[in-house]
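Quick notes on the structure that follows.
All values below come from the heavy atoms of this structure, side chains included, with hydrogens, waters and symmetry mates left out. Letters A, B, ... are given to chains in the order of the sequence lines, protein chains preceding strands, and every chain is numbered from 1.
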Protein chains: 2
Amino acid sequence: MTNRGFDREVEARLSETAVRYTSGRRRVVGALAAADGPRSADELHRELGSTVPLSSIYRTLAVLQTANVVVPHFSAKGVTRYELAEWLMGHHHHLICIDCGVVEDIPIPQPLERQVRELVEVIGSRVAFKPVNHALEIEGTCGRCA
Amino acid sequence: MTNRGFDREVEARLSETAVRYTSGRRRVVGALAAADGPRSADELHRELGSTVPLSSIYRTLAVLQTANVVVPHFSAKGVTRYELAEWLMGHHHHLICIDCGVVEDIPIPQPLERQVRELVEVIGSRVAFKPVNHALEIEGTCGRCA
DNA sequence: ACCTATAATGAGAATGATTTTCATTATGGA
DNA sequence: TCCATAATGAAAATCATTCTCATTATAGGT
Ligand SMILES: [Mn+2]
Ligand SMILES: [Mn+2]
Ligand SMILES: [Zn+2]
Ligand SMILES: [Zn+2]
């Protein structure tokens, strides 16, 4: 819910590259930390009640992506959503509602995650390819649409 | 390579809904059948050597999606790529190059696919959610970028 | 083969998300 | 405090995609 911890870590990360952690940028990070899934610039703009102009949100997301603080997520036509990088959020997967399109984070129990990782390794070795990361996205119906 | 009878199946599918399978539409399906991964309207336009105007390709993809012949795939910023639906292509997963962004189909051995499906079921039950489909996308380096 | 109603096409205008520009403001260090 | 530089905000520009509308192609029915 709160983002105290993230704030400190992001602050440290940005200071490394001489990027200022301004109030507008803090607000964007805060909104992402409070979210239960990736958010688009427009969604953030609404959530922040226009305290940060849309063009600044776009620029902030670009800056944060360069600093490896956020990563883009593509699951809908025409919009890019962003979420905090794994070193902040922890590794997880997504539930994508086939009805309303919402994307929700799904924590995965350690043993299952290990299985997924093994599967990915096996699959990778079969096509002579070294997996760096993976994303398991489950499509179905979300709570509100059920 | 060549479209192994996809043409016939698509033809049948479209005739069910009184949608004409014109030469332009055939060319788009042919290009998708020949591809080893999802393709964007622009990529198809280039592959087809401008024999089909870009606006027609977009419209064709929309028509084919409505007819469940193609499905959209989102893995890059700002562009939607399309591939033949699973009932034509068979279920598979994707390898996404973190270097050049190319998306390649990866066939998955039956036993591994079964494991993935089970994992998805278990995960779904843990969050009170009925999985309808899943996508396992592996990020790494493609052959040309290796 | 000839009509006709309807579907499809193509070129360009319109749209919507995102990026860029540029003038102004805020910030950290000397 | 002053300055050099980074950040900001509003608006214009871009790029992928969709829409419009005049024209063309097609499937039936004759
Ligand atoms: Mn997430
Ligand atoms: Mn595919
Ligand atoms: Zn939903
Ligand atoms: Zn590559």
Side-chain angles (χ1 to χ4, degrees), chain A residues 10-32 38-67 69-83 101 103, chain B residues 10-32 38-67 69-83 101 103:
Chain A
V10 173
E11 187 166 41
R13 183 82 183 77
L14 293 185
S15 71
E16 288 173 20
T17 49
V19 174
R20 295 178 190 164
Y21 195 27
T22 62
S23 71
R25 290 172 180 176
R26 276 174 205 276
R27 264 172 260 172
V28 169
V29 169
L32 288 176
R39 293 286 182 270
S40 69
D42 190 64
E43 289 164 345
L44 292 170
H45 188 233
R46 262 177 273 137
E47 282 174 38
L48 293 175
S50 304
T51 58
V52 185
L54 188 55
S55 68
S56 294
I57 291 180
Y58 274 111
R59 208 171 10 204
T60 290
L61 290 170
V63 167
L64 293 177
Q65 182 177 352
T66 297
V69 169
V70 304
V71 292
H73 186 262
F74 314 111
S75 63
K77 180 168 222 163
V79 297
T80 301
R81 292 186 222 261
Y82 294 84
E83 61 184 352
V103 181
Chain B
V10 173
E11 188 166 41
R13 184 82 185 75
L14 293 184
S15 70
E16 288 173 19
T17 50
V19 174
R20 294 178 190 163
Y21 195 27
T22 62
S23 70
R25 289 173 180 175
R26 276 174 206 277
R27 264 173 258 171
V28 169
V29 169
L32 288 177
R39 293 287 182 270
S40 69
D42 189 64
E43 288 164 346
L44 292 170
H45 187 233
R46 261 177 274 138
E47 282 174 39
L48 293 175
S50 305
T51 57
V52 185
L54 187 55
S55 68
S56 295
I57 291 180
Y58 274 110
R59 207 170 13 203
T60 290
L61 290 170
V63 167
L64 294 177
Q65 182 177 353
T66 298
V69 169
V70 305
V71 293
H73 184 263
F74 314 110
S75 62
K77 180 168 223 164
V79 296
T80 301
R81 292 186 222 262
Y82 294 84
E83 61 184 350
V103 182

Nearest heavy-atom neighbours spanning A:Arg81 and A:Ser75: NE-OG, 4.4 Å
Atom pair distance, as rounded to whole Å: CZ in A:Arg27 and C1' in D:dA7: 13 Å
Euclidean distance, atom CG of residue A:Leu64 to atom P of D:dT8 [Å, nearest integer]: 10 Å
Atom-pair distance (CG on A:Leu54; C1' on D:dA12), nearest Å: 15 Å
Distance below 4.0 Å between B:Thr80 side-chain N/O and D:dT17 OP1 or OP2: yes
Under-4.0 Å salt bridge between A:Glu16 and A:Arg13: yes
Side-chain N or O of A:Arg25 closer than 4.0 Å to phosphate OP1/OP2 of D:dA7: yes
Minimum heavy-atom distance A:Ala41-A:Leu54, with the two atoms named: O-CD1, 3.8 Å
Whole angstrom value for the distance that separates P of D:dT14 from CG of B:Asp42: 18 Å
B:Leu32 to B:Tyr82 - nearest heavy-atom pair and separation: CD2-O, 3.3 Å
Shortest non-hydrogen contact between B:Leu48 and B:Thr51, atoms and distance: O-OG1, 2.9 Å
B:Val19, nearest nucleotide to its side chain (from C:dT9, C:dA17, C:dA8): C:dA8
Phosphate OP1/OP2 of C:dT18 contacted by A:Tyr58 side-chain N/O (<4.0 Å): yes
Nearest-Å distance for atom pair CZ/P, residues A:Phe74 and D:dA16: 14 Å
Shortest non-hydrogen contact between B:Leu64 and B:Val28, atoms and distance: CD1-CG1, 4.3 Å
Divergence of helical axes at both termini of the helix from C:dA1-D:dT30 to C:dA30-D:dT1 - five pairs an end, 10° steps: 30°
Minimal non-hydrogen separation, A:His73 against A:Val103, with atom names: CE1-CG1, 3.9 Å
Pairwise 5' ranking along DNA chain C for B:Ala18 and A:Val79, keeping only the more 5' one: B:Ala18
Distance in angstrom units between A:Leu14 CG and D:dA6 P, rounded: 15 Å
Protein-nucleotide distance (A:Arg59, atom CZ; C:dT24, atom C1'), rounded to Å: 12 Å
Distance below 4.0 Å between B:Arg20 side-chain N/O and C:dT9 OP1 or OP2: no
hbond_proxy A:Ser55 side chain to D:dA10 base (donor-acceptor, 3.5 Å cutoff): yes
Whole angstrom value for the distance that separates P of C:dT18 from NE2 of A:His45: 13 Å
Touch class at under 4.0 angstrom, heavy-atom based, for B:Thr22 against every strand present: sugar-phosphate
Presence of A:Lys77 side-chain N/O under 4.0 Å of C:dA17 phosphate oxygens OP1/OP2: no
